[in-house]
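Beneath this line is the structure, given in structure tokens, with notes to follow.
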Amino acid sequence: MSFRPLHDRVLVKRVKEEEKTKGGIIIPDSAKEKPQEGKVVAVGSGVRGDDGKITPLDVKTGDRILFGKWSGTEVTLEGEELIIMKESDILGIVDKTPAAKK
């Protein structure tokens, strides 16, 4: 795919939600909410400050992120459903490594 977001925009692919609960109950499509977790597919060059310098984004391609329920704009590129959002719509980066014990 050849799409590059501009400035502080990020292209995100939603992570698939579980098909059933931990107890084994299968969740029908009509009862599912869209997941608020995704994987960053592409990032823009960064934000241009008042001084003219470009500040790079904190997220990078491949990061797993959490975002707000109504964040971004849904688009379909090459048959794939993606979301374009500003970096400020991202709530945080999900780190899959175990937390260090104190």
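Small disclaimer: the values here were computed from a predicted structure and weren't measured.
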Handout entry: Pair D89 + K86, salt bridge at N-O below 4.0 Å
Key =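 Salt bridge absent between D89 and K86.
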Handout entry: Salt bridge E37-R14, side-chain N to carboxylate O under 4.0 Å
Key =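 A salt bridge is absent here (no side-chain N lies under 4.0 Å from a carboxylate O).
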So, do [X] and [Y] sit near enough that their side-chain heavy atoms are less than 4.5 Å apart?
X	Y	value
V40	L11	no
I54	V47	no
M85	R9	no
F3	L82	no
I83	F67	yes

Handout entry: Side-chain (E74) to main-chain (E81) donor-acceptor, under 3.5 angstrom
Key =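 Side chain of E74 to backbone of E81, a donor-acceptor pair under 3.5 Å: no, none is there.
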Problem - side chain to side chain contact (heavy atoms under 4.5 Å, CB included), paired with L66, selected from V15, I93, I90, V94 - result: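 Answer after filtering V15, I93, I90, V94: V94.
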Handout entry: K60 and its side chain to side chain contact (heavy atoms under 4.5 Å, CB included) partner, picked from L57, D63, D58
Key =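 That would be D63.
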Exercise for the section: To the nearest 0.5 angstrom, please state how far the CD atom of Q36 sits from the NZ atom of K69. Expected result: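 Here the interatomic distance stands at 6.5 Å.
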Exercise for the section: Nearest 0.5 Å please: distance from the OG atom of S71 over to the CD1 atom of I84. Expected result: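 Atom-to-atom, S71:OG and I84:CD1 are 13.5 Å apart.
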Exercise for the section: Kindly check if the number of other-residue, nucleotide or ligand heavy atoms within 6.0 Å of CG (D51) is above 12? Expected result: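 Above 12, so yes.
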Practice task
Dump the intermediate steps for side chain to side chain contact (heavy atoms under 4.5 Å, CB included) on E80 and K13, then the final yes or no.
Solution key: CA-CA 9 Å; E80 191 171 21; K13 179 179 180 179; 2.9 Å; yes
Practice task
Measure across V41 and T61 and return the closest heavy-atom pair with its distance rounded to 0.1 Å.
Solution key: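 That would be O-CG2, 3.3 Å.
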